[in-house]
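Structure first, commentary second.
Lettering of chains follows the sequences in order, A, B, ..., and the numbering in each one begins at 1. Side-chain atoms are counted along with the backbone in the values below, which use heavy atoms only and exclude waters and symmetry mates.
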Amino acid sequence: MPEFRLYNTLTRSKEVFEPLSPPRVNMYVCGITAYDEAHLGHARAAVVFDVLYRFLRYLGYRVVYVRNYTDIDDKIINRALREGRSWQEIAEQYIREYQEEMAALGVLKPTHEPRATEHIPEMIALVERLLARGVAYVVDGEVYFAVEKFPGYGKLSGRRPEDMLAGARVEVSEKKRNPLDFALWKAAKPGEPFWDSPWGPGRPGWHLECSAMSLKYCGETLDIHGGGLDLIFPHHENEIAQSEAATGKPFVRYFVHNGLITVNGEKMAKSLGNYVSVKELLSRYHPETIRLFLLTKHYRSPLDYTEQAIKEAEKALYGLYGSLYFLQRIKSVREGELRKGGRRLAQALETFQQRFVAALADDLNTAVALGEVFNLLSEVNRFLPAAREATSAEAQLATEVLRVIKDLPGALLGVGGADPESFIQGERERKLARRGLSRREVEERLQAREEARKARDFARADALREELLRLGVEVRDTPWGPFWMVEA
RNA sequence: GGCGGCGUAGCCAAGUGGUAAGGCGACGGCCUGCAAAGCCGUGAAUCCGGGGUUCGAAUCCCCGCGCCGCCUCCA
């Protein structure tokens, strides 16, 4: 096994990953605030940490993976008010949708998915600890964290408190002693949901839940804490302050942050109207297309969504499954060893396994890992023609290649692991449905074309192929008969 | 004003000191009834520009130019 090197935002460098008490790894990733539908950015975070989770398990670690839900917050309350529903209903709806969509994307379920409102006592207890330590103060039923009492404040984001005050927009509140102080407990305004606390009715501040829940499920020190780059400040900075001030222990060993999504080069935002929802993407593309698109760029870099880019991902994925589809059809026609092409593929397979894992071990470089998959694929395609009359050893090699693709990119990236036959058939059906075509319409024409070809009536055969193309169906003739796919 | 990132072929994207992965596209050849797919080959005198360090730099340093993110809720 290669060493796993992971970029740590705390040190701004790649480090060899060593958990505190192997083989256990505690990983806590900030989930969503359940007030609206999930967008591509949420999917990216979920997929990136899903790959990290899968890879850690592949390396033999026992991973406790926690991803939380913020189910009480201003935005949830506002939406509830606007729609005349309860905040619980709003949160419940978007959590459920998120779970369904992530499942559709092949994102594995975390070990725990705690919700903020189910941990109010833990949060209150944490606030009390902070008060007891003298790093928090109470004003009018609210509790604030006193940033100047925590010497390390700013160590994650690389900001000095002095700098943050100059020229920056910080929330103004007369209640705070220092503008950088943040709320641990907010007093309830009339009509707002609240929980009783030693400081009066109110609700927890946003940052507090992650500290309280990670403490409960993972202990005082996390091996990995993740989230989007946009959470570095203030969210994760504040979590560090709260947690370390309370426990006196390092909160996190490795902070991992994924890059953000842009759309046609612009920040994705509702106000810009360029919001890409997961629901819509799932209606148009196979989940693996979306995963492939998300993983073609290194997780820390910004990723630009364009129609062209996701279509390219789809094309590449179809190419992958197309080759696997034929590989799967290879049958042994006689006993025998590998011939030249087989030996070459066997060698490529070995190289592939080693390089694929090495790529992921280098800070989860999925772009390189995928490049290796396509390198292997190119060898598969070279092998294919001669393997129509496969020897027993060649047929076995074909099975071996399929197994490796399923076990490495399939199991670790969630790309390429489906049964090729099912994938192809499934995509045909899906695309036909989108175009309002029936399978029968396609098959009748294919059949007629085959008959025309047998009769060497190529004019008619070509006319039928043209007709299919106009319907969006591309046909190509293979040794195994006509193979067809439907255009996007 | 502060902090950070990015600029690599037509497009996307790896590579962070040893002589440019991969995807999409383009062109030529093979294959094909013709196509398509695939395979083979072509394609960056060179990595935004300029200086510097080094035997050697896309990779390190400095100075510019351009783009972007964060500093307020945000994956």
Side-chain angles (χ1 to χ4, degrees), chain A residues 9 12 14 29-33 35-36 38-49 67 70 73-75 78 154 157-160 162-172 180 206 226-235 237 257-262 265-270 292-293 296-298 300-304 306 308-320 322-323 326 355 359 362 365-385 453 456-459 461-462 465-466 469 474-479 482-485:
Chain A
T9 308
R12 301 191 184 274
K14 286 188 206 174
V29 175
C30 290
I32 55 159
T33 297
Y35 78 104
D36 202 352
H39 61 240
L40 231 205
H42 297 116
R44 185 183 196 190
V47 167
V48 163
F49 288 101
R67 189 182 59 202
T70 300
D73 155 280
D74 285 342
K75 284 187 292 241
N78 289 338
S157 53
R159 291 150 207 262
R160 289 168 307 173
E162 312 87 82
D163 294 337
M164 287 187 248
L165 291 175
R169 303 156 289 177
V170 273
E171 190 188 336
V172 279
L180 294 178
W206 174 43
L229 270 174
D230 52 347
L231 295 182
I232 293 174
F233 189 87
H235 187 52
E237 196 69 63
H257 293 99
N258 63 275
L260 272 31
I261 302 259
T262 55
E266 288 183 307
K267 178 183 169 150
M268 180 165 61
K270 278 187 193 165
L292 179 62
F293 168 70
T296 42
K297 191 151 180 189
H298 185 86
R300 281 190 281 114
S301 305
L303 173 62
D304 191 38
T306 61
Q308 191 198 340
I310 192 143
K311 290 226 160 72
E312 281 177 13
E314 179 172 76
K315 209 155 185 179
L317 188 69
Y318 282 10
L320 169 69
S323 296
F326 291 114
R355 290 191 181 166
D362 183 13
N365 197 330
T366 53
V368 166
L370 284 166
E372 295 300 337
V373 173
F374 288 105
N375 281 333
L376 175 64
L377 207 64
S378 162
E379 292 300 330
V380 166
N381 289 332
R382 265 176 89 129
F383 169 76
L384 241 25
R453 289 182 73 216
R456 302 196 68 77
D457 181 356
F458 295 121
D462 289 349
R465 185 170 58 198
E466 278 302 310
L469 198 58
E474 281 182 292
V475 186
R476 55 190 231 234
D477 299 313
T478 78
F483 179 86
W484 56 280
M485 274 318 245

Length of the [atom1]-[atom2] vector between [X] and [N], whole Å:
X	N	atom1	atom2	value
I310(A)	G23(B)	CD1	C1'	14 Å
N381(A)	C40(B)	CG	C1'	13 Å
E466(A)	C34(B)	CD	P	16 Å
L260(A)	G69(B)	CG	C1'	8 Å
H235(A)	C70(B)	NE2	P	17 Å

Look at all strands and tell whether [X] reaches a base, only sugar-phosphate, or nothing, counting heavy atoms closer than 4.0 Å.
X	result
G259(A)	base
L231(A)	sugar-phosphate
I261(A)	base
G41(A)	base
V475(A)	base

Same-atom distance ([atom1]) from [N] to [M], integer angstrom:
N	M	atom1	answer
G1(B)	U54(B)	C1'	38 Å
G15(B)	C70(B)	P	24 Å
G25(B)	A20(B)	P	26 Å
A9(B)	A35(B)	P	33 Å
G22(B)	A44(B)	P	15 Å
U16(B)	G5(B)	C1'	15 Å
U46(B)	A58(B)	C1'	8 Å
A21(B)	A14(B)	C1'	6 Å

So, is S378(A) near the phosphate of C39(B), with a side-chain N or O under 4.0 Å from OP1 or OP2?
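So the side-chain polar atoms of S378(A) do come within 4.0 Å of the phosphate oxygens OP1 or OP2 of C39(B), strictly under.
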C40(B) phosphate, OP1 or OP2: any side-chain N/O from R382(A) under 4.0 angstrom?
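Answer is yes, contact under 4.0 Å.
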Nucleic acid footprint by protein, nucleotides 4-18 of chain B - heavy-atom cut-off 4.0 Å, B for base, S for sugar-phosphate alone
-------S-SSS---
Sequence neighbours excluded, which residues qualify as side-chain hydrogen bond (donor to acceptor under 3.5 Å, both in side chains) partners of [X]?
X	result
D304(A)	T262(A)
T33(A)	none
E372(A)	none
D362(A)	K14(A)

Hunt down the Watson-Crick or G-U wobble partner of A44(B), both distances under 3.5 Å, from any strand shown, or write none.
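Because no pair has both required distances under 3.5 Å, A44(B) counts as unpaired.
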Check whether any side-chain heavy atom of [X] sits under 4.5 Å from a side-chain heavy atom of [Y], and report yes or no.
X	Y	result
R453(A)	D477(A)	yes
F293(A)	L303(A)	yes
F458(A)	R456(A)	yes

Counting heavy atoms from C-beta on, name the nucleotide in C70(B), C24(B), G38(B) closest to the side chain of R159(A).
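When the side chain of R159(A) is considered, C70(B) is the closest of C70(B), C24(B), G38(B).
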Protein-nucleic acid N or O pairs under 3.5 Å, nucleotides 31-33 of chain B:
from	atom 1	to	atom 2	distance (Å)
G33(B)	O6	R453(A)	NE	3.3
G33(B)	N1	D462(A)	OD1	3.0
G33(B)	N2	D462(A)	OD1	3.3
G33(B)	N2	D462(A)	OD2	2.4

Test the R67(A)-F49(A) pair against the cation-pi criterion, namely NZ or CZ under 6.0 angstrom from the six-membered ring centroid and within 45° of the ring axis.
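Because its charged atom misses either the 6.0 Å distance or the 45° angle limit, R67(A) does not stack over F49(A).
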Closer to the 5' end of RNA chain B via nearest nucleotide, is it F374(A) or S323(A)?
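Going by which nucleotide is closer to the 5' end, it is F374(A).
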Short question: side chain of S323(A), backbone of G319(A) - any donor-acceptor pair under 3.5 Å?
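Judged by distance alone, yes, a pair lies under 3.5 Å.
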R160(A) side chain to G154(A) backbone, donor-acceptor under 3.5 Å
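Between the backbone of G154(A) and the side chain of R160(A) there is no qualifying donor-acceptor contact (under 3.5 Å).
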